[in-house]
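A short worksheet on the structure shown next.
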Amino acid sequence: MRFPDGFVWGVSTSAYQIEGAAAEDGRGPSIWDTFSHAPGRIADGSTGDEACDHYHRHAEDVGLMKGLGVRAYRFSVSWSRVMPDGAEKVNAAGLDFYERLTDELLGQGIAPYATLYHWDLPQALEDRGGWPSRDTAERFADYAAAVHERLGDRVDTWFTINEPWVAAFLGYAAGTHAPGRRSAAEAFRSAHHMLLAHGLAAGALREAGARRIGVALNLSPVLTPGQLGDQDQELTPEDAGAVSRIDALLNRQFLDPMLRGSYPPELLEVVGRYAGLDHVRDGDLDLIARPIDVLGVNYYAPHVVQAQPSQPGEPAFPGSEGVLFAATPGPATAMGWPIVPSGLTVLLRRLAADHPGLDLMVTENGADFGDGARDADRVAFIEAHVRAAHAAISDGVRLRGFLAWTLMDNFEWADGYRRKFGLVHVDFATQRRTERDSARWFREMIARNGLPAAPRPTLETVAARAGVSRATVSRVVNGEASVRPEVRARVQAAVEELGYVPNQAARSLVTRRTGTVALVLSGPRHDNAALVSAVVQYATSVLEASGHQVRLMLADSERSHRRVLAEAEGRHVDGMILLPPDRQDPLAERLAKTDVPLVLLGGPVVAAFDAGGDLVVAAERAGGRPVVAVDDAGGGAAVARHLRELGHTRPAVLTGPGAAAGERVRGFLEVFPRAEVSDDAGRLLDRRPDAVFAVTDPLALEVLGAAREAGLRVPEDLAVAGFGDGEAGRHTIPALTTVAVPVTELALALARSLLSALDGQPVAPSVLPVHLEVRGSTVSGGR
Ligand code: FCB
């Protein structure tokens, strides 16, 4: 499988995620500095202050790229390094850095691709209104011109803005990205002003003689759960409406103005409803639609939606009332993003059909699969997407390059450093870079300009080649009549071309299945019943939606343990989810010895108390099985940092039994190593702490009670924070500051991991991020 000559292989990064040197050589603060320094915004409490220290190590990093053999490097320029106040005064020292970088790249034969905006708006401009203000778009054009003036003779390709949807809707509507505002109206205005900024900058760059100008959009095919299995499926009018609305918000909101000079009418209706249309001025669309030379496509996963009348809107998608963002059964990355390589083929084909003649480039694709260096998962992910890109090229799509996200592990926005997207591993304590297997694999692919002899074709490769779903391929292969003739012909051509032989053995394996999976509750008592019941409810619905029967089994006695084991050993169920393996019970270990696919809820570390009531952290107990866990330690640390920011110096921890508790305490002690830890609320208050972190909801209620009895005012005399496994904390007076546990995501991740395991896919352990919800129990005047 070879790519056309001249096809560009490369890697992408962005300034705030890697540069560090946040206050060096006159750089001004950006909204990401402000946001990451505010408590509770970044999952692991980190900032980009140092990041990968690329500012000082760019020569080494360019060396790594040279080693990979990439032809292009897409980096972003930090606006506030170049214009610390966002406007007027240019900081020559900031531009010097990008000049050093570009020269280094050119010296190594790597084409510099500069992105002018990857989310780091100068704070000074945010203070003057940010993207909701039209002025920001004008300032952007000035900035673009200033960068071009210095680098224009050397930079090959210019991308104006990276993923305006993310910047506008996560930044201004959902508030999960900087600047953290929550207003649908501001988000729509921001989106329009980003479009305008793109158009004005494209104009300025063109005038100055820029060689090639583009934009990088996050684009996703929008599908229903049914279409995920069978892209040719007919949709009900309701589902078709849901798909179209989300497609308008996510994709066409940007594609249409830039490439057609108009907004989709159905989108205008939504924008008008939330933000009015005054901000869209006469002539804007002409500016926005200035011709570009290349469209950058950042593809990670499809969006899966269906109509659901009672559904409230998603904050990031104002106007999405009545649309359910559905769980996607099947394999997913550690980030929880579903793995659907054929979505890239579908997307590229659509763009080529809708905008003929436009050059396309994959400007980001990659995946988080945890920290390991033997990253077969990442290799498989990128390889499948490279194949999907090739399939599109074979159909005549003008795809000019493929840039992997990303060169090295970095600051992954609100997720901090816990997400690992790098071909190269970074040890953030030492800044040491180490190539992963995926880096070596990428180098080989670049050297060949393609992939080695195709691996044994699978249903998925045939599906990707033919641009249909796996189900469609299997229907054609099994001679079912229900497939349209032209689709059948396409599938048959792909089958022939790839030499696909349907695998009988695999088929009979499939039919030996029972179609039943078990959810095992390892009782007898659960400290967090609310969490468990939510997990049972959501995981069941996903597993049922994927055609499985779900059996609930209670494992609260030796006899019931034996029953569960017998079910596993006799393969009366296809797989099991065990929750939560919290206590010292041997069931998880015993199940791990059978060969039934098994997914565990809870971290691999188990906490226990010794005879003296002291906390000891014991035993690895996952036995190599996939574990889906919540970042309990991160939650504990987030509480601790919050208390520290508030000026508390004598915090204490009230704990209880359970693995989660142990991890939560551990996280807290990372920040406050000397905090008093006890499982007795009364005794704890006798030590006169100025704040208490209670590791579960019920324990937090105990602290509130004990504080009241002791005549202490919360939060004035004593701040109290808890962990929101359940809802209890919201209803206390004052309301409790808690660490929010992503119950739904947890349930979905469990179900998806099991489905992947059933499919024989490797399943990486996943740890889901948590975030702090600050309320009145720590901040007076709080909610
Ligand atoms: C994209 C961003 C990039 C990185 C990847 C994982 O949305 O452009 O900065 O966060 O996702």
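Reckoned from all heavy atoms, side chains included, excluding hydrogens, waters and symmetry mates. In this chain, numbering begins with 1 at the start of the sequence shown. These figures come from a predicted structure and were not determined experimentally.
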### Task
Consider only side-chain N and O atoms of N218 and Y299, and report whether a donor and an acceptor are under 3.5 Å apart.
no
### Task
Compute both the distance and the angle, then confirm whether R150 meets the cation-pi test with Y98: under 6.0 Å from the six-membered ring centre, within 45 degrees of the axis.
no
### Query
Any side-chain heavy-atom pair from N410 and T13 closer than 4.5 angstrom?
no
### Query
What's the verdict on salt bridge (Lys or Arg N to Asp or Glu O under 4.0 Å) for D278 and R134, showing C-alpha distance, side-chain angles and the deciding distance?
CA-CA 11 Å; D278 289 349; R134 188 178 174 93; over 6 Å; no
### Task
With R74 as the cation and F159 as the aromatic partner, state whether NZ or CZ is under 6.0 Å from the six-membered ring centre and within 45° of the axis.
yes
### Task
Would you please name every residue forming a side-chain hydrogen bond (donor to acceptor under 3.5 Å, both in side chains) with D631, sequence neighbours left out?
R418
### Query
V424 versus T434: any side-chain heavy-atom pair under 4.5 Å?
no
### Query
Would a 4.5 Å heavy-atom cut-off, applied to side chains only, mark I292 and M258 as touching?
no
### Ring geometry between F254 and F169 (parallel below 30°, tilted from 30 to 60°, perpendicular above 60°)
perpendicular
### Message
Once rounded to the nearest 0.5 Å, what's the spacing between atom NE2 of H771 and atom CG of D415?
### Response
12.0 Å
### Query
Are a donor atom and an acceptor atom from the side chains of S36 and Y16 found within less than 3.5 Å of each other?
yes
### Message
Which label fits F317 and F325: parallel for a plane angle under 30°, tilted from 30 to 60°, or perpendicular past 60°?
### Response
tilted
### Message
Taking R139 first and then D142, would you say they form a salt bridge - that is, a charged N and a carboxylate O separated by under 4.0 Å?
### Response
yes
### Task
List the steps, then state whether salt bridge (Lys or Arg N to Asp or Glu O under 4.0 Å) holds for E104 with R100.
CA-CA 6 Å; E104 190 75 38; R100 288 197 292 279; over 6 Å; no
### Message
Distance check, rounded to the nearest 0.5 Å: R419 atom CZ versus D44 atom CG?
### Response
10.0 Å
### Task
Could you please spell out the steps behind the side-chain hydrogen bond (donor to acceptor under 3.5 Å, both in side chains) verdict for D409 and H425?
CA-CA 6 Å; D409 295 340; H425 171 274; 4.6 Å; no
### Task
Establish, from distance only, whether the side-chain atoms of D135 and H193 form a donor-acceptor pair under 3.5 Å.
no
### Query
Once you round to the nearest 0.5 Å, how far does CD1 of I161 lie from NE2 of H118?
11.5 Å
### Task
Using a strict cut-off of less than 4.0 Å between a Lys/Arg side-chain nitrogen and an Asp/Glu carboxylate oxygen, indicate whether R81 and D120 qualify as a salt bridge.
no
### Query
Side-chain donor-acceptor pair under 3.5 Å between H56 and D53, yes or no?
yes
### Query
Got S14 and N162 here, is their nearest side-chain heavy-atom distance under 4.5 Å?
no
### Message
Checking side-chain polar atoms at under 3.5 Å, does D127 have a donor or acceptor matched by the opposite partner on Q123?
### Response
yes
### Message
Assess whether a salt bridge exists between R641 and E645, defined as any Lys/Arg side-chain N lying under 4.0 Å from an Asp/Glu carboxylate O.
### Response
no
### Message
Please evaluate residues V779 and H642 with respect to the criterion side chain to side chain contact (heavy atoms under 4.5 Å, CB included), reporting the C-alpha separation (whole Å), side-chain torsions for both, the decisive distance (0.1 Å), and the verdict.
### Response
CA-CA 10 Å; V779 177; H642 170 62; 4.0 Å; yes
### Query
Any donor and acceptor pair, going by atom type alone, linking the side chain of Q253 with main-chain N or O of N251 inside 3.5 Å?
no
### Query
Are the side chain of R775 and the backbone N or O of L736 linked by a donor-acceptor pair below 3.5 Å?
yes
### Message
Could you tell me if E364 and Y300 have a donor-acceptor pair between their side chains, going purely by distance under 3.5 Å?
### Response
yes
### Task
Could you go through the salt bridge (Lys or Arg N to Asp or Glu O under 4.0 Å) check for R211 and D293 one step at a time?
CA-CA 9 Å; R211 206 180 72 69; D293 308 301; over 6 Å; no
### Query
Would you say the side-chain atoms of H37 pair up with the backbone N or O of T34, donor to acceptor, closer than 3.5 Å?
no
### Task
Considering only NZ, NE, NH1 and NH2 on the basic side and carboxylate oxygens on the acidic side, decide whether R181 and E126 come within less than 4.0 Å.
yes
### Query
What is the ring orientation for W32 with F411, classed by angle as parallel under 30°, tilted 30 to 60°, or perpendicular over 60°?
perpendicular
### Task
Determine, stepwise, if the pair F428 / E50 fulfils side chain to side chain contact (heavy atoms under 4.5 Å, CB included).
CA-CA 9 Å; F428 288 98; E50 188 182 337; over 6 Å; no
#### Entry: Gap between atom CE of M408 and atom SG of C52 - 0.5 Å precision
4.5 Å
### Message
Between E19 and S78, is there a side-chain heavy-atom distance shorter than 4.5 Å?
### Response
yes
### Query
So, T102 versus E99: side-chain donor-acceptor pair below 3.5 Å or not?
no
### Query
Are F35 and W119 close enough that their ring centres sit under 6.0 Å apart?
no
### Query
Do the charged groups of E773 and R41 touch, with an N to O distance under 4.0 Å?
no
#### Entry: Spatial distance of atom CZ (R664) from atom CG (L669) [nearest 0.5 Å]
14.5 Å
#### Entry: Contact check, side chains of S80 and S30, non-hydrogen atoms, under 4.5 Å
yes
### Query
So, are K420 and E412 salt-bridged, with charged N and O less than 4.0 Å apart?
no
### Task
Decide if atom CZ of R260 counts as having more than 12 heavy atoms of other residues, nucleotides or ligands within a radius under 6.0 Å.
yes
### Task
Just say parallel, tilted or perpendicular for the rings of H177 and W413, cut-offs at 30° and 60°.
tilted
#### Entry: E60, CD atom: more than 12 neighbouring heavy atoms under 6.0 Å
yes
### Task
Side-chain contact test, heavy atoms from C-beta onward, threshold under 4.5 Å: evaluate it for L116 versus L205 and give yes or no.
yes
### ring pair (Phe, Tyr, Trp, His ring centres under 6.0 Å) involving W79 - partner list, sequence neighbours excluded
F140, Y143
#### Entry: Side-chain donor/acceptor of D690 to backbone N/O of H648, under 3.5 Å
no
### Query
So, the side chain of E163 versus the backbone of L219: is there a donor-acceptor pair under 3.5 Å, distance only?
no
### Approximate separation, where rounding is to 0.5 Å, of N365 CG and T406 OG1
12.0 Å
#### Entry: E716 atom CD: more than 12 heavy-atom contacts under 6.0 Å
yes
### Query
Step by step, would you call H58 with F97 a ring pair (Phe, Tyr, Trp, His ring centres under 6.0 Å)?
CA-CA 9 Å; H58 63 275; F97 167 66; 5.4 Å; yes
### Intermediate values then yes/no, side chain to side chain contact (heavy atoms under 4.5 Å, CB included), Y263 and L285
CA-CA 8 Å; Y263 273 113; L285 282 154; 4.2 Å; yes
### Query
Does a donor on one side chain and an acceptor on the other come within less than 3.5 Å for T160 and H198?
yes
### Task
Taking atom types as modelled, find out whether T737 and T778 have a side-chain donor-acceptor pair closer than 3.5 angstrom.
yes
### V671 and V639: CA distance, side-chain angles, deciding distance, side chain to side chain contact (heavy atoms under 4.5 Å, CB included) verdict
CA-CA 9 Å; V671 179; V639 172; over 6 Å; no
### Task
Please confirm whether F75 and Y113 have ring centers closer than 6.0 angstrom.
no
### Task
Report yes or no: do N298 and T363 form a side-chain donor-acceptor pair below 3.5 Å?
yes
